[in-house]
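Just so it is clear, the values below take in all heavy atoms, side chains as well, and ignore hydrogens, waters and symmetry mates. Atoms within each ligand, like the ligands themselves, are counted from 1 in listed order. Computed from a predicted structure; not experimentally measured.
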Amino acid sequence: MMAPAQDVREECVREMDAKRGFGTTWLREAFLAVPREHFVPDRVWWPDPGPDGRCPLLDRTRKPRAWLKAVYLPGVPLITQIDDGAVPPDGPASGAWTSSISSPGVVIEMLRHLALGPGDRVLEIGTGTGYNTALLAHRTGTGRLTSIEIDPEVADRARTALHGLGLHPRLRCGDGEDGHTGDAPYDRVLATASVRRVPYAWIQQLRPGGVLLLPLDSPFGHDLLVRLTADGEGRAQGRPVARVEFMRTRGQRGGSASYTELGWPEGLDPEQWEDLRIEVGVDGQCVTVADRTAGAAAVPAPPGP
Ligand SMILES: C[S@@+](CC[C@H](N)C(=O)[O-])C[C@H]1O[C@@H](n2cnc3c(N)ncnc32)[C@H](O)[C@@H]1O
């Protein structure tokens, strides 16, 4: 007999407890309370291409047990859209992954670093399936939670899933790189799509002391999860807290700017990622290496976009 979703979810929690854990009680409770499977479409792609270069399709109606198991594998994201929806989910497929549900492990890592307080005013960029939005709502309630998704079909699906659980945060369909001034200033801004250049709107819309958490493209072949704190004077500073991989925001796919133009120093050792310091202002972004003995060697900030 197939294990009920609750059992599979609890097994996932045990596996994550045994690794890094949740770090905070509310997050563990939220993970147990929010049915991740409710947010995952019946047909999704497994993110590991086969020998033919195509990602296998997981179909809930055909293989419910395999589908449910995949939904709760701690380290596995599932692809929910390819080529902005041009590829129908009716078989194995190749193409650019344009929407997904992040793996449980990454979702937990991000929310742990976000350090949300009850009732915080939050902006999420990249609603995707709405799963992360539901976890956020568990902590903050829905009254002060705004989430933006650029793809209308993805946004509609997330709205239906969230409403199906009685959750009614402010859901917007549009370009999240502009943030959302209507509900600002935010205590927390969280991006679940990566950028090469931090949109200044995200800093402008934070309250002084507010936190921006985002995946930032790096010269190391992966993104860095960066946590920045707004100084109340138009700038935000912080550092990378983890190595991650995310899909890029639509407006920043395939950008041609070099890393130097994006404010990165040359000749970085990938092992130095934890020593980096990042500062963003209206004049652009600047990455420096914290020299623990002699202060930071700064690279001049490039002009903003
Ligand atoms: C990794 S998925 C988000 C996963 C989501 N948090 C979840 O729990 O399912 C990234 C999402 O960002 C969306 N996206 C890309 N560029 C965007 C933009 N400029 N504004 C808002 N959403 C964007 C994509 O359409 C995609 O759905």
Side-chain angles (χ1 to χ4, degrees), residues 27 30-31 34-41 44-45 47 70-72 76-87 89 95-111 113-114 116 122-139 145-162 165 167 169-181 183 188-202 205 212-217 222-223 225 244-255 305:
L27 193 47
F31 191 89
V34 176
R36 180 171 162 91
E37 71 281 5
H38 173 77
F39 292 90
V40 180
V44 290
W45 291 276
V71 168
Y72 281 103
V76 178
L78 296 171
I79 304 158
T80 53
Q81 190 194 62
I82 292 182
D83 289 346
D84 295 325
V87 177
W97 304 350
T98 47
S99 193
S100 68
I101 181 160
S102 303
S103 72
V106 163
V107 168
I108 295 311
E109 175 96 9
M110 287 189 95
L111 291 179
H113 286 295
L114 196 60
L116 267 186
V122 180
L123 174 67
E124 178 191 41
I125 293 113
T127 316
T129 62
Y131 173 61
N132 198 57
T133 321
L135 292 172
L136 290 166
H138 192 90
R139 178 66 162 166
L145 174 58
T146 304
S147 184
I148 310 180
E149 167 60 51
I150 201 165
D151 186 284
E153 271 184 40
V154 172
D156 277 354
R157 204 188 165 283
R159 176 174 287 106
T160 303
L162 286 159
L165 293 183
L167 298 172
R170 296 179 178 98
L171 298 172
R172 316 278 180 213
C173 185
D175 188 348
E177 287 199 41
D178 298 332
H180 186 75
T181 47
D183 300 324
R188 299 287 183 268
V189 174
L190 167 70
T192 64
S194 72
V195 290
R196 302 194 75 212
R197 201 188 288 271
V198 182
Y200 187 58
W202 297 355
Q205 292 174 23
L212 165 62
L213 191 72
L214 77 153
L216 180 67
D217 176 47
H222 55 74
D223 299 323
L225 183 63
V244 288
E245 277 192 66
F246 272 81
M247 48 195 60
R248 200 70 56 75
T249 56
R250 272 199 190 171
Q252 297 204 30
R253 290 178 191 159

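Annotation: side chain to side chain donor-acceptor pair (under 3.5 Å) contacts of R253 (sequence neighbours excluded): D84. Scored by the salt bridge (charged side-chain N to carboxylate O under 4.0 Å, His left out) test, R139 finds no partners at all (sequence neighbours excluded).
Judged purely by distance below 3.5 Å, without hydrogens or angles, the side chains of Q252 and E177 pair a donor atom with an acceptor atom.
The CG atom of L190 lies 9.0 Å from the CG atom of L214; values are rounded to the nearest 0.5 Å.
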Can you give me a line-by-line list of nitrogen or oxygen pairs between ligand 1 and the protein shorter than 3.5 Å?
| from | atom 1 | to | atom 2 | distance (Å) |
| --- | --- | --- | --- | --- |
| ligand 1 | 6 (N) | G126 | O | 3.2 |
| ligand 1 | 6 (N) | T192 | OG1 | 3.2 |
| ligand 1 | 8 (O) | N132 | N | 3.3 |
| ligand 1 | 9 (O) | S100 | O | 3.4 |
| ligand 1 | 9 (O) | T129 | N | 3.0 |
| ligand 1 | 9 (O) | T129 | OG1 | 2.6 |
| ligand 1 | 16 (N) | R250 | N | 3.0 |
| ligand 1 | 19 (N) | D175 | OD1 | 2.8 |
| ligand 1 | 20 (N) | G176 | N | 2.8 |
| ligand 1 | 22 (N) | I150 | N | 3.2 |
| ligand 1 | 25 (O) | E149 | OE2 | 2.6 |
| ligand 1 | 27 (O) | S99 | OG | 2.7 |
| ligand 1 | 27 (O) | E149 | OE1 | 2.7 |
| ligand 1 | 27 (O) | E149 | OE2 | 3.4 |

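A salt bridge links R248 to D217: one of the charged nitrogens lies within less than 4.0 Å of a carboxylate oxygen.
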In a table with atom names and distances, give each donor-acceptor pair under 3.5 Å that connects a side chain of residues 99-107 to protein atoms at least two apart or in another chain.
| from | atom 1 | to | atom 2 | distance (Å) |
| --- | --- | --- | --- | --- |
| S103 | OG | V106 | N | 3.1 |

